[in-house]
Amino acid sequence: MFRTCDITGLKVDLRAERLIQLNAVMAVVSLLVGVIAALLLVLTRWQVVHLLPVEWYYRILTLHGLNALIFWIIFFEVAGLYFGSTVVLNSRMSSPKFGWLAFILMVLGFLLVNYTILTGSADVLMTSYAPLQASPIYYLGIILFAVGALIGVFLFFANLLIARKDRTYGDSLPLFTFGLVAAAIIATLTLASGAIIYIPTLLWSLGIIKSIDAGVYKLIWWGLGHSSQQINVTAMIAVWYLGAFLTVGGTSINEKVSRFAFVFYVIGINVASAHHLLVDPGPSPAWKVFNTSYIMYIAVLASMIHAFAVPSAVESAQRRRGFTKGLFDWLKNAPWGNPAFSAVLLSIIIFGFIGGVTGVVNGMEQTNIIVHNTLSIPGHFKGTVVGGTTLAFMGATYYLIPLIFRKKIAFFGLAKVQPWVFGLGIAVLAVSMYILGAFGVPRRHYDITFSGGPFTYTFNPAVDFFWVLFAIGGITAVIGALMWILIVVFSVFLGQPVRGPQDMQLQIASPPPPAKEHHGFEAPGTLTLTLLFMGVFLVFLLLNWGWLAAMWEVK
């Protein structure tokens with residue numbers, strides 16, 4: 001039932017390993033569909049090319065949303081949950097049969113949803129707002145996928161109970177697994193919201209229920225739609241900690257604080273969904289203010305803790321290895337040739353400086369009005385879910401390929417530059433989209449020239465420049481994603497086998513020397529970078545308040 005890894009020394013349940021592999025493969029398939037759709041969308045939104053006809057634009061937009069934001073990430077996260085609750089803990093799989101059931105349901109849901117979209121039976125976008133109605137097969141597919149994912153989450157908790165009972169780990173869970181616990185709790189609440197709204201919607205599409213209240217649908221749906229991205233954020237940060245440990249031997253300089261930050265996510269991060277409802281008449285003003293200020297700040301505080309804890313873990317480990325000259329000698333001598341390391345660091349930078357900063361502005365009731373339903377909102381998504389989560393998951397696969405699939409990384413030279421190509425492309429895409437939104441470019445509109453419409457609107461000429469950046473960034477990001485898919489597919493199916501530690505292209509870092517007594521801050525470089533981030537954040541926030549004041553002039 002087990003094999004002992006000759007690289008890590010950990011016991012690997014062969015039944016769990018197979019499920020990890022299959023879910024990871026389906027994640028790559030889903031991402032490939034999402035990436036192809038993304039290229040078509042970039043070449044359509046860019047008015048110079050304007051590739052797709054109108055009906056196919058919305059069809060491909062639906063396809064992209066479901067595959068890139070839901071299927072790819074949740075398949076990968078289920079693989080991560082099994083990995084974090086069995087391999088990392090030296091434990092066994094609680095019920096492989098239910099693991100197979102979960103996988104079959106998720107694959108069936110994946111197939112049904114994509115079939116209905118591509119056949120034109122679900123041109124409703126990812127949100128599928130009522131009264132837009134898709135084929136019953138579409139809603140059934142989403143329900144099956146969600147049920148399968150929920151079974152995977154329950155198996156994760158069952159695996160933890162077995163590991164605790166068998167005492168396969170120490171007094172407390174490793175920080176990586178603890179972060180996955182927080183993600184799994186959020187996932188349970190998120191998938192429950194999906195069941196609450198998609199079951200009656202399925203009955204409505206079958207004609208059993210006459211109507212669905214559009215306001216109620218939107219309120220409950222965002223408990224699924226946005227909260228699913230909070231699962232991603234929490235899992236992403238768990239991967240950050242894992243990446244710091246594997247690449248440089250870095251551990252949080254205060255694990256208790258890092259664990260409390262994950263608890264803060266469980267308490268407060270789901271209410272960020274409220275920013276999608278700020279211009280809706282249903283929720284009360286008191287509800288909007290409470291969720292987008294006092295409660296949301298708990299999640300923002302947690303993100304700030306993690307944003308300091310992970311780089312400081314890297315800095316502390318590097319300084320203990322002797323890289324102590326100045327503020328950034330530790331960063332200069334970091335293992336930049338390791339694609340897992342560069343992916344994690346770029347993920348932190350893009351998520352913080354682009355996704356995090358814009359997320360706070362989008363989430364505040366007042367400043368949200370500037371960018372609501374403009375291209376800024378998906379620009380923010382690109383900074384969080386893509387530049388943050390997807391890039392971090394890509395980095396993790398460079399260790400999963402040799403450790404779980406037992407294959408060497410193909411095109412290793414290409415792998416070293418892949419995170420940079422993808423990260424740079426996404427950063428340019430996200431920033432250009434956010435600026436285009438600030439100029440008022442609409443979020444989902446097929447043709448911003450409004451050709452054939454009863455009115456016209458001329459955007460600021462600067463918009464043309466940022467559309468070019470949008471295209472350059474989007475195409476570069478697609479190239480970076482296809483590079484990663486090529487590396488993964490070739491490695492897994494055609495790559496050379498890993499026969500032992502001598503075949504590891506990415507070494508697992510040994511623990512750094514014990515810390516020496518020192519005076520002052522343990523991670524002064526990280527502190528400096530954190531203060532820089534705070535400065536950028538404050539400047540951006542003040543700019544948005546200035547723009548708001550210009551919109552709502554008071555005399």
Polar side chain donor-acceptor pair, Tyr217 to Ser128, under 3.5 angstrom: yes
Side chain Glu315, main chain Gly525, donor-acceptor under 3.5 Å: yes
Nearest heavy-atom neighbours spanning Leu346 and Pro419: CD1-O, 3.5 Å
Separation of Ser342 OG from Met394 CE (nearest 0.5 Å): 12.0 Å
Residue pair Tyr434, Phe540: steps toward the ring-ring contact (aromatic ring centres under 6.0 Å, His included) verdict: CA-CA 12 Å; Tyr434 204 87; Phe540 189 72; 5.8 Å; yes
Check: Ile354 main-chain N/O paired with Thr358 side-chain donor or acceptor under 3.5 Å: yes
Note, Arg444 side chain near Thr127 side chain (heavy atom, < 4.5 Å): yes
is_close_aromatic(Phe290, Trp287), centroid dist under 6.0 Å: no
pair Val344-Thr247: side-chain heavy atoms closer than 4.5 Å: no
Side chain to side chain contact (heavy atoms under 4.5 Å, CB included) partner of Ile73, the single match among Asn232, Leu31, Val386: Asn232
Within-4.5 Å side-chain heavy-atom neighbours: Ile426 and Leu391: no
Stepwise side-chain contact (heavy atoms from CB on, under 4.5 Å) check, Leu173 with Val181: CA-CA 10 Å; Leu173 288 170; Val181 171; 3.8 Å; yes
Parallel, tilted or perpendicular, as decided by the 30° and 60° cut-offs, for the rings of Phe450 and His445: perpendicular
Verdict with reasoning, Phe323 to Lys332, per side-chain contact (heavy atoms from CB on, under 4.5 Å): CA-CA 9 Å; Phe323 302 113; Lys332 175 184 175 182; over 6 Å; no
Closest heavy-atom pair and its distance - Ala462, Phe439: CB-CZ, 3.9 Å
Rounded distance (nearest 0.5 Å) linking atom CD of Gln366 with atom CG of Leu548: 7.5 Å
Thr390 side chain vs Val385 backbone, donor-acceptor pair below 3.5 Å: yes
Trp240 versus Ser347, side-chain donor and acceptor atoms under 3.5 Å: yes
Side-chain (Trp336) to main-chain (Phe341) donor-acceptor, under 3.5 angstrom: no
Sidechain-backbone polar pair: Thr384 side chain, His380 backbone, donor-acceptor under 3.5 Å: yes
Step-by-step side-chain contact (heavy atoms from CB on, under 4.5 Å) determination, Tyr398 to Gln418: CA-CA 11 Å; Tyr398 289 119; Gln418 180 273 322; 2.8 Å; yes
Closest heavy-atom pair and its distance - Ile74, Ala149: CG2-CB, 3.9 Å
Within the 6.0 Å centroid threshold, strictly below: Phe459 and Phe466: no
Considering all heavy atoms, the nearest Gly84-Val88 contact: O-CB, 3.7 Å
Non-hydrogen side-chain atoms of Leu532 and Thr528 separated by less than 4.5 Å: no
Test of ring centre spacing under 6.0 Å for Phe145 and Phe71: yes
Interatomic distance, Phe156 atom CZ to Thr177 atom OG1 [nearest 0.5 angstrom]: 6.5 Å
Interatomic distance, Gln229 atom CD to Ile186 atom CD1 [nearest 0.5 angstrom]: 12.0 Å
Residue pairs fulfilling salt bridge (Lys or Arg N to Asp or Glu O under 4.0 Å) with at least one residue in residues 457-479, sequence neighbours excluded: none
Straight-line distance of Ser258 OG to Leu175 CG, nearest 0.5 Å: 5.5 Å
Gly215 backbone acceptor or donor facing Tyr129 side chain under 3.5 Å: no
Donor-acceptor pair, side chain of Ser228 and main chain of Gly225, under 3.5 angstrom: yes
Residue Phe260 excluded, over 12 heavy atoms near CZ under 6.0 Å: no
ring-ring contact (aromatic ring centres under 6.0 Å, His included) against Trp46, all qualifying residues, sequence neighbours excluded: none
Check: Gln318 side chain, Asn333 main-chain N or O, donor-acceptor pair, under 3.5 Å: yes
pair Asn544-Trp547: side-chain heavy atoms closer than 4.5 Å: yes
Thr449/His50 under side-chain contact (heavy atoms from CB on, under 4.5 Å): CA gap, chis, key distance, verdict: CA-CA 11 Å; Thr449 65; His50 213 46; over 6 Å; no
Nearest atoms (heavy-atom pairs only) where Arg320 meets Pro513: NE-O, 2.8 Å
Between Asp447 and Gln47: side-chain donor-acceptor atoms closer than 3.5 Å: yes
Flag if over 12 foreign heavy atoms under 6.0 Å of CZ, Phe245: no
Criterion side chain to side chain contact (heavy atoms under 4.5 Å, CB included) against Tyr57, the qualifying member of Leu40, Leu41, Thr62: Leu41
Parallel, tilted or perpendicular, as decided by the 30° and 60° cut-offs, for the rings of Trp484 and Trp72: perpendicular
pair Trp467-Val48: side-chain heavy atoms closer than 4.5 Å: no
Heavy-atom check, side chain of Arg319 versus side chain of Glu522, under 4.5 Å: no
Under 3.5 Å donor-acceptor, Thr367 side chain and Val361 backbone: yes
Parallel, tilted or perpendicular, as decided by the 30° and 60° cut-offs, for the rings of Tyr58 and Tyr446: tilted
Check: Leu541 and Val357 side chains under 4.5 Å, non-hydrogen atoms: no
Considering all heavy atoms, the nearest Pro283-Lys288 contact: O-CE, 3.3 Å
Ile142 side, atom CD1; Leu224 side, atom CG - distance, nearest 0.5 Å: 8.0 Å
Whether Phe381 and His276 hold their rings parallel, tilted or perpendicular, with breakpoints at 30° and 60°: tilted
Distance-only side-chain donor-acceptor flag, Tyr241 / Thr251, under 3.5 Å: no
Asn23 side chain to Phe76 backbone, donor-acceptor under 3.5 Å: no
Positive for side chain to side chain contact (heavy atoms under 4.5 Å, CB included) with Tyr265, one of Ile237, Ile298, Ile185: Ile237
